[in-house]
Number of protein chains: 2
Amino acid sequence: MPDRTDSLETIQRELTKFARRARATAARMHPELSLVSYTLLTHLQDQQGCRATDLAAHYLLDKSTVSRQVAALEQLGLVERRVDPEDQRVQVLHLTEHGTRTLEQVTASRRTAFQQRLADWDEEDLARFAAYLLRYNASA
Amino acid sequence: MPDRTDSLETIQRELTKFARRARATAARMHPELSLVSYTLLTHLQDQQGCRATDLAAHYLLDKSTVSRQVAALEQLGLVERRVDPEDQRVQVLHLTEHGTRTLEQVTASRRTAFQQRLADWDEEDLARFAAYLLRYNASA
DNA sequence: CGGTCAAGTTGTACTATACAACTACATGCG
DNA sequence: CGCATGTAGTTGTATAGTACAACTTGACCG
């Protein structure tokens, strides 16, 4: 078995390799929805709507970045803003019908890509890999 | 145990989460060396020098992108070009002394960050996680 | 030799991003 | 109440990274 240092080195190298490719791959797969846009939409879906500030905090993005991303998503008709009646400063963001459908399509095709890529993994390895990734990300 | 679909979903979600954060984290950690520059330098180190075209092919980047990255690294004195005597079109890229030292520093501090983050993982989990990442990336 | 191919550079454009300055609204204290 | 301070979001500006297309230079083959 490799020792601790070897494993750390490998983890670092392979995660880096993955990160480098991810955006480009995502962009090629879905020219219509960047990795960032995609994750913002999934967050809106999971949270059933949230504020721009929440997105910025959750994804460690500047609020100006989120503001522009949201503006673009709104232009595309994927997202809509509803002013919070409790606080006029706040815009609660929601997926539109079109946004929901688009997200479903992209999610489906991403899922297919992952399925193919992991087709020859057995169920136990998949479960363990998933658990490790969760644990890793949770430690951030 | 989660079923196959659950695991695939988790893997997809967690890898995406990681990818989204990686660049920003790397940038904060090492303002002097972006994730891309860092990986280009490590490739030069591993390969003991290579051509710009090789970098482009390996990292799925356009040759113009690599050309500019390399120009920047040369400006910083991290990389030098040596025209291949066999073929005047080719520039073989090498780390400079300064490049080697800078890369070592960044690598060391990245290693420390990973060590801290994975400090409470036991050796077996690390080895397995490393193996899964290797296997995953190899399937690309 | 001349045509075709390969390596690399440069022009141009676009996206994602940050930071700073600003507007609009909210809230709480004197 | 009314101003001070704080929060949500937008806009101006700048930068990095990237792609694609057009170009230059050199290699190689028939």
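Chain letters run A, B, ... following the sequence lines, proteins first, then strands; residues in each count from 1.
Contact annotation: side chain of B:R68 to base of D:dT15, donor-acceptor pair absent below 3.5 Å. Contact of B:R89 with D:dA27 (side chain to base): no donor-acceptor pair of N or O atoms is detected under 3.5 Å.
With respect to the salt-bridge test (charged N to carboxylate O, under 4.0 angstrom), the residues B:D125 and A:R135 qualify. The existence of a salt bridge linking B:E14 and B:K17 is confirmed by a sub-4.0 Å separation between a basic side-chain nitrogen and an acidic carboxylate oxygen.
With the nearest nucleotide of DNA chain D identified for both B:S64 and B:Q88, B:S64 has the one nearer the 5' end.
Taking 4.0 angstrom as the limit, B:T65 places a side-chain polar atom (N or O) nearer than this to OP1 or OP2 of D:dA19. One finds no side-chain N or O of A:S67 lying less than 4.0 angstrom from the OP1 or OP2 phosphate oxygen of D:dG9.
In this structure, A:T100 contributes its side chain and A:L95 its backbone to no donor-acceptor pair below 3.5 Å.
Going from atom CG of A:L73 over to atom C1' of C:dA16 covers 13 Å, rounded to whole Å. Nucleotide C:dA7 holds its P atom 16 Å from the CG atom of B:L61, rounded to whole Å. B:R82 places its CZ atom 15 Å from the P atom of C:dG8, with the value rounded to the nearest Å. Rounded to a whole Å, the CG atom of A:L55 is 12 Å from the P atom of D:dT10. Atom P of nucleotide C:dC19 and atom CG of A:L60 are separated by 12 Å, given to the nearest angstrom. At whole-Å resolution of the value, NZ in B:K63 and C1' in C:dA6 are 8 Å apart. One can place CG of A:D87 at 11 Å from C1' of D:dG9, the figure rounded to the nearest angstrom. Between the CG atom of A:L35 and the P atom of D:dG17 there is a distance of 17 Å, given to the nearest Å.
Of the candidate nucleotides D:dG12, D:dA19, C:dG8, C:dG8 has the atom lying nearest to any side-chain atom of B:R81. Of the candidate nucleotides D:dG17, C:dA16, D:dT10, C:dA16 has the atom lying nearest to any side-chain atom of A:Q69. In the set D:dG9, C:dC25, C:dG8, the nucleotide with an atom closest to the side chain of A:R51 is D:dG9. Closest approach to the A:V90 side chain among C:dA16, C:dA7, D:dA8 is made by D:dA8 (side chain taken as heavy atoms from C-beta onward).
Backbone-only engagement by B:V36 is indicated by non-hydrogen atom pairs under 4.0 Å involving sugar-phosphate atoms exclusively.
The nearest pair of heavy atoms linking A:T39 to A:Y59 is O-OH, 3.5 Å.
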**Report entry** Working for ring pair (Phe, Tyr, Trp, His ring centres under 6.0 Å), residues B:W121 and A:Y132
**Finding:** CA-CA 10 Å; B:W121 289 48; A:Y132 285 145; 5.6 Å; yes

